[in-house]
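What you see is a predicted model, and the numbers here were worked out from it, not measured in a lab. These numbers come from the heavy atoms of this one structure, side chains and all, not from hydrogens, waters or symmetry mates. Naming: A, B, ... by sequence-line order, numbering from 1 per chain.
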Amino acid sequence: MKDKISQLLEHALNALKSEGILPEDLAATPAIDNTKDKAHGDFATNIALVSAKAARRNPRELAQLIVDRLPADKAVTQVEIAGPGFINFFISDASSFSVIGDILQKGDAFGKSNIGGGQHIQVEFVSANPTGPLHVGHGRGAAYGATVADLLAAIGYDVQREYYVNDAGRQMNILAASVWLRYLELEGERFTFPSNGYKGEYVLDIARQLQQDAGNRLRHSAETVFTDIPADAPQGGDKETHIDALIERCKKLLGADDYRLVFDLGLNAILDDIRDDLAGFGVHYQEWFSERTLENDVDAAIQLLQDKGCLYEKEGALWFRSTDFGDDKDRVVRRDNGETTYFASDIAYHRNKFERGFDRVINIWGADHHGYIPRVKAALQAMGIDPDRLDVRLVQFAILYRGGERVQMSTRSGSFVTLRELREEVGNDAARFFYVTRKAEQHMDFDLDLAKSESKDNPVYYIQYAHARICSIQRKLEEAGDVVSTEQLIGAVDALNLDEERDLAGLLARYPEVLAQSASQLEPHQLTHYLRELAGQFHTYYNAHKVLVEESAIRDARIALSYAVRQVLKNGLTLLGVSTPSEM
RNA sequence: GCGCCCGUAGCUCAGCUGGAUAGAGCAACGGCCUUCUAAGCCGUGGGUCGUAGGUUCGAGUCCUACCGGGCGCGCCA
């Protein structure tokens, strides 16, 4: 409908241009808004206000000139000039209700579009270090990333979902050492566990597995392990040098092969757990990209930057001159001990992404990584890749509340709330929905009690309930033995004439643009708010008017409208990863 | 100190990228089940959009400064 009005306006504007009233090069394209107030009609445009200056006329006068040149159209029943110069359009009922037939015909495809035009776009999200189970902070990134990816796919992008597995860093060595030390404890060795090691219960589980696989073959006495190891923090030493020394000792005592065995056992166990957790959350990936496979790419990327003259040596280390590309300070890519930095891996990784042919890349990061964006973009630019093709979205952490009290979390101590625990407590539907119901960059309070509640307070249930109610209407209809074909329903919509029905039809007609905007702005919350509104409007209608009335013409029309509402609720909820129960 | 994010009703948040009288939901109060699911609906009250300037026909939205909250500023990952 907006397109139709836009065409009419275009026609009028062109006429004014050829008459010399408006300049030929007028850039303004008419913006068509949905009106907030029904007294203003169904749609409104501010084009007369925007181009008044160029026409050197006052807005109302220009509006009148435009209206005089609007072609007649049977969908438009009335055009008014209002306020400072808005042009309001009133739409015919037949035109308003035609969306119902459109929805019933298109079904699951209603709302989808090809705005993306098949462009290749990658969404990389979660990418948590595989050093422990996912916690509730990762959950928000998972829900947001998965939803954004699905939204983009719905508007015609070719989307690839990727998890970057940090399987090469120091944290992984700490995990391997932690597993081995727990194993030694199981074997009967006694010592103080390093304060910087991973202490979660899951480490013990992996150690048990190790014991089963390897028996006592990997056992060394506590004395050999800890001799000459610098003191840990509680003993007045430094926790970092303590754990690093233990890692080195572990490698030395086990030898490369057995160390790798322990390392991979830990990595795979945790990765399996993460995969399983995310799959259970309805989050699926096309690619699990291993950092370890980047080894050659890192050297190549450093070489590339070297060739471009963007690197220099200082104090034994190799630096990237990122300040040339807008960063605050230069960054080390190779340390004085010869090892490349995490940043170097990331340079290589991002180059790799674009070499795989993605037109656009979206990274979803925790908000604490925001300071990292300028240097990654700087690296891309230095390598000749347009940094605007990378879009980094930050997700703020969610704070959990239970019984009005903040739920405390701390990762290292092992006392965190895992994503799995959250899913078990509130269910996947509520978790998926709640996580994306706020703007990603907004701090969020996650009320566990509300997510669990089965009442209208809980937006997930509220929306699902609207869906279930419509399914119930269908059951009633079928019980009565009445079968109505889709064609029959579509033909019946002329009988609609209530205000509530117009409101519903207006909302339904907005779905495609809500979806398009929600997707292209990477803001799933726009869709959740829309669905809440649609469900509410339906509940109002349902309470005020009976659908299954005696008079079959009206009955069929109302059924058609109800089914259309159900279809849009289903399409929206499905994109959000939320189920659509037919009974509740 | 520098950088990024945020500040809208008592609470949790929207506000369609500058439009008409700033909206929902909770919480408070009053109503609605012999009728397709009351997991629902209807009604009432509630605001100096952090503060002060600026840009213009028009600002919650844009620019500047300040106030308040969060995060980040490693040869960590």
Open item on the list: If the threshold is 4.0 Å, N to carboxylate O, is there a salt bridge linking A:Arg334 and A:Glu339?
Closed with: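 Not counted as a salt bridge, because no side-chain N and carboxylate O are separated by less than 4.0 Å.
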- [ ] Answer yes when A:Arg170 and A:Glu240 have at least one side-chain N-carboxylate O distance shorter than 4.0 Å, and no when they do not.
- [x]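 Yes, this pair counts.
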Does [N] have OP1 or OP2 under 4.0 Å away from a side-chain N or O of [X]?
X: A:Thr540; N: B:C42; answer: yes
X: A:Lys36; N: B:A20; answer: yes
X: A:Lys439; N: B:G15; answer: yes

Under 4.0 angstrom, heavy atoms only, what part of the nucleic acid is [X] near: base, sugar-phosphate, or nothing?
X: A:Asn173; answer: nothing
X: A:Ala52; answer: nothing
X: A:Met444; answer: sugar-phosphate

Task: Given RNA chain B, 5'-ward residue of the pair A:Glu513 and A:His545, judged by closest heavy atom - done: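 Whichever sits nearer the 5' end wins; that is A:Glu513.
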Could you check how far [atom1] of [X] sits from [atom2] of [N], rounded to whole Å?
X: A:Tyr401; N: B:C26; atom1: OH; atom2: C1'; value: 16 Å
X: A:Asn88; N: B:G19; atom1: CG; atom2: C1'; value: 12 Å
X: A:Phe433; N: B:U12; atom1: CZ; atom2: C1'; value: 14 Å
X: A:Arg140; N: B:C5; atom1: CZ; atom2: C1'; value: 12 Å

Open item on the list: Angle between ring planes, A:His138 versus A:His135, binned at 30° and 60°: parallel, tilted or perpendicular?
Closed with: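 Tilted.
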- [ ] For the pair A:Tyr372 and A:Phe343, name the ring-plane relationship: parallel under 30°, tilted 30 to 60°, perpendicular over 60°.
- [x]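 Answer is perpendicular, since the angle exceeds 60°.
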- [ ] Give the nucleotide from the list B:C5, B:A20, B:C36 with an atom nearest to the side chain of A:His40.
- [x]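 Looking only at side-chain atoms, A:His40 lies closest to B:A20.
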Open item on the list: From the set B:A39, B:A20, B:U17, return the single nucleotide nearest to any side-chain atom of A:Gln521.
Closed with: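 Of all the options, the side chain of A:Gln521 is nearest to B:U17.
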So which protein nitrogen or oxygen atoms get under 3.5 Å of nucleotides 8-11 of chain B's nitrogens or oxygens?
none

Open item on the list: Quick check, does A:Phe86 stack with B:A20? I mean ring centres under 5.5 Å and planes off by under 30°.
Closed with: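 Stack criterion met.
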TODO: Name all residues meeting the side chain to side chain donor-acceptor pair (under 3.5 Å) criterion together with A:Tyr349; count only those two or more places apart in sequence or in a different chain, and write none if there are none.
DONE: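 A:Tyr349 satisfies side chain to side chain donor-acceptor pair (under 3.5 Å) with A:Glu162 once adjacent residues are dropped.
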Open item on the list: Using the P atom as the point on both nucleotides, what is the distance between B:C66 and B:G1, in whole Å?
Closed with: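 The same atom, P, in both gives a distance of 10 Å.
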TODO: Go through the structure and list residues passing ring-ring contact (aromatic ring centres under 6.0 Å, His included) with A:Tyr563, not counting sequence neighbours.
DONE: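 A:Tyr563 satisfies ring-ring contact (aromatic ring centres under 6.0 Å, His included) with no residue once adjacent residues are dropped.
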Can you give the donor-acceptor pairs under 3.5 Å from side chains of residues 546-561 of chain A to other protein atoms, not counting sequence neighbours?
| from | atom 1 | to | atom 2 | distance (Å) |
| --- | --- | --- | --- | --- |
| A:Arg555 | NH1 | A:Asp482 | OD2 | 3.1 |
| A:Arg558 | NE | A:Glu501 | OE2 | 3.3 |
| A:Arg558 | NH1 | A:Lys546 | O | 2.7 |

- [ ] Please map the stems of RNA chain B, keeping only stretches of three or more Watson-Crick or G-U wobble pairs with both distances under 3.5 angstrom.
- [x]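 RNA chain B forms these stems: B:1-7 with B:67-73, B:10-13 with B:23-26, B:28-32 with B:40-44, B:50-54 with B:62-66.
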Open item on the list: Between A:Tyr312 and A:Leu318, is there a side-chain heavy-atom distance shorter than 4.5 Å?
Closed with: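 SC-SC contact between A:Leu318 and A:Tyr312 ruled out.
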TODO: With the side chain counted from C-beta on, respond yes when A:Glu513 and A:Lys2 share a heavy-atom pair under 4.5 Å apart, and no when they do not.
DONE: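 Yes - at least one pair of side-chain heavy atoms lies under 4.5 Å apart.
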Open item on the list: Side chains of A:Gln521 and A:Ser518 only: does a donor on one sit below 3.5 Å from an acceptor on the other?
Closed with: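 Distance-only check fails for A:Gln521 and A:Ser518.
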- [ ] Using the six-membered ring of A:Tyr462, assess whether NZ or CZ of A:Arg532 lies under 6.0 Å from its centre and within 45 degrees of the ring axis.
- [x]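 Positive - A:Arg532 is close enough to the ring of A:Tyr462 and near enough to its axis.
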May I ask you to list the residues of [range], by number, that have any heavy atom positioned under 4.0 Å from an atom of RNA chain B?
range: residues 465-483 of chain A; result: A:Tyr465, A:Ala468, A:Arg469, A:Ser472, A:Ile473, A:Arg475, A:Lys476
range: residues 523-536 of chain A; result: A:His525, A:His529, A:Arg532
range: residues 554-569 of chain A; result: none

Please write out each protein N/O paired with an N/O of nucleotides 54-58 of chain B under 3.5 Å, distance rounded to 0.1 Å.
| from | atom 1 | to | atom 2 | distance (Å) |
| --- | --- | --- | --- | --- |
| B:C57 | OP1 | A:Lys53 | NZ | 3.3 |

Task: Pairs involving residues 516-527 of chain A, ordered by first then second residue, that meet salt bridge (charged side-chain N to carboxylate O under 4.0 Å, His left out) (sequence neighbours left out) - done: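 Residue pairs with at least one partner in residues 516-527 of chain A: there are none.
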Please list, one pair per line, the donor and acceptor atoms closer than 3.5 Å that link side chains of residues 439-450 of chain A to other protein atoms, with sequence neighbours excluded.
| from | atom 1 | to | atom 2 | distance (Å) |
| --- | --- | --- | --- | --- |
| A:Asp447 | OD1 | A:Asp449 | N | 3.0 |
| A:Asp447 | OD1 | A:Leu450 | N | 3.1 |
| A:Asp449 | OD2 | A:Gly403 | N | 2.5 |

Open item on the list: How would you summarise protein contacts on nucleotides 70-77 of chain B per nucleotide, using B for base, S for sugar-phosphate only and - for none, with heavy-atom distances below 4.0 Å?
Closed with: SBSSSBSB
